[in-house]
Amino acid sequence: MWQARLVLEPFSPAVELATFEHDLDDSVGGLVTFTGLARGRGRGGAPVECLFLQHHPRLTQTSLDEIAAAAAERFEVAALKVVHRAGAIAPGDAIVWVGAAAPGRRAAFEAADYLMDRLKTEAMFWKREDTVGQASWVEPTEQDHRERARWV
Amino acid sequence: MNVRFYGCLADLVGQEELVDLDAASCSVAELRSAIARRYPEAGAEIQGGRVRACVGDVIVGEGHRIGAGDTVEFFPPVSGG
């Protein structure tokens, strides 16, 4: 069981967790969540005014679905959920939330880790960091690609 | 044909979309060259091997023939999370 949702407005990780937890079946022994937040400082250290995530009208959702489905197939999990923001995001706001619930903790940890490594490098978004007087497009780092490559 | 640019490409070209681009049927590679000639600032990026081309929501190769009525989208490297 998995779901992936693209959202264009701010969302609450607490609400996502509550609904995720509410829908779990009694096979679940643990759940892992991760929340990605918009940083207040850019890669160069300048204060960020806004993070902008451009998305594709159809293929962004498709990419989220593919990543979530692959995680559900790969790990012994009972439920997975991905929520991903697009549009203009204020510093401190949640960009992404993933939840992984499984009978055992290892699968839940690994599924959340896998989801994030693939979302960072393959989810179809184009990310722009707007600081005072400057806008720069942000791509995955070498470390992001190395972390993605762990999951062959 | 129409051409749509995403991410940094839209900045380099100066707009997100070229509507009714006056081009006969051509390959993706030929379209990249035409865009690079018209927008030299975007040439290195669009021809540098990092930007994928997409027609009808499917990623296509350099030899793909684009029809006059097609919309071609160019995707620089993506980053979520």
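Chain A is the first sequence line, chain B the second, and so forth, proteins listed ahead of strands; every chain is numbered from 1.
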Handout entry: Which atoms of A:M116 approach chain B - backbone, side chain, both or neither, heavy atom under 4.5 Å
Key = side chain
Exercise for the section: Please check if atom CZ in A:R74 has more than 12 non-hydrogen atoms from other residues, nucleotides or ligands closer than 6.0 Å. Expected result: yes
Exercise for the section: Determine whether B:D11 and A:W137 make a side-chain contact, defined as any pair of heavy atoms from C-beta on separated by less than 4.5 Å. Expected result: yes
Practice task
Output the distance between atom CZ (A:R128) and atom SG (B:C8), rounded to the nearest 0.5 Å.
Solution key: 11.5 Å
Practice task
Count the heavy atoms of every other residue, nucleotide or ligand shown that sit under 6.0 Å from CD of B:Q47, and state whether that count exceeds 12.
Solution key: yes
Practice task
Run the numbers on A:H56 and B:R4 for side chain to side chain contact (heavy atoms under 4.5 Å, CB included), then give the verdict.
Solution key: CA-CA 11 Å; A:H56 186 278; B:R4 197 168 294 142; 5.7 Å; no
Exercise for the section: Tell me the residues of residues 73-81 of chain B whose non-hydrogen atoms fall below 4.5 Å from those of chain A, in number order. Expected result: B:E73, B:F75, B:P76, B:P77, B:V78, B:S79, B:G80, B:G81
Handout entry: Atom CZ of A:R39 with >12 non-hydrogen neighbours under 6.0 angstrom
Key = no
Practice task
Kindly check if the number of other-residue, nucleotide or ligand heavy atoms within 6.0 Å of CZ (A:F109) is above 12?
Solution key: no
Exercise for the section: Establish whether A:F20 and A:L6 are linked, either directly or via other cluster members, by ILVMFWY side-chain heavy-atom contacts under 4.5 Å. Expected result: no
Problem - B:Q15 atom CD, over 12 foreign heavy atoms within 6.0 Å - result: yes
Practice task
List, by chain and number, the other hydrophobic cluster members for A:V132, where Ile, Leu, Val, Met, Phe, Trp and Tyr join if side-chain heavy atoms come within less than 4.5 Å, directly or indirectly.
Solution key: none
Problem - A:E139, part contacting chain B, at a heavy-atom distance under 4.5 Å - result: both
Practice task
Not counting sequence neighbours, which residues clear side-chain contact (heavy atoms from CB on, under 4.5 Å) with A:A88? List them please.
Solution key: A:C50, A:F52
Handout entry: ring-ring contact (aromatic ring centres under 6.0 Å, His included) partners of A:F34, counting only residues at least two apart
Key = none
Practice task
Taking all heavy atoms of B:Y6 and all of A:P57, pick out the closest pair and write down the distance.
Solution key: OH-CD, 3.6 Å
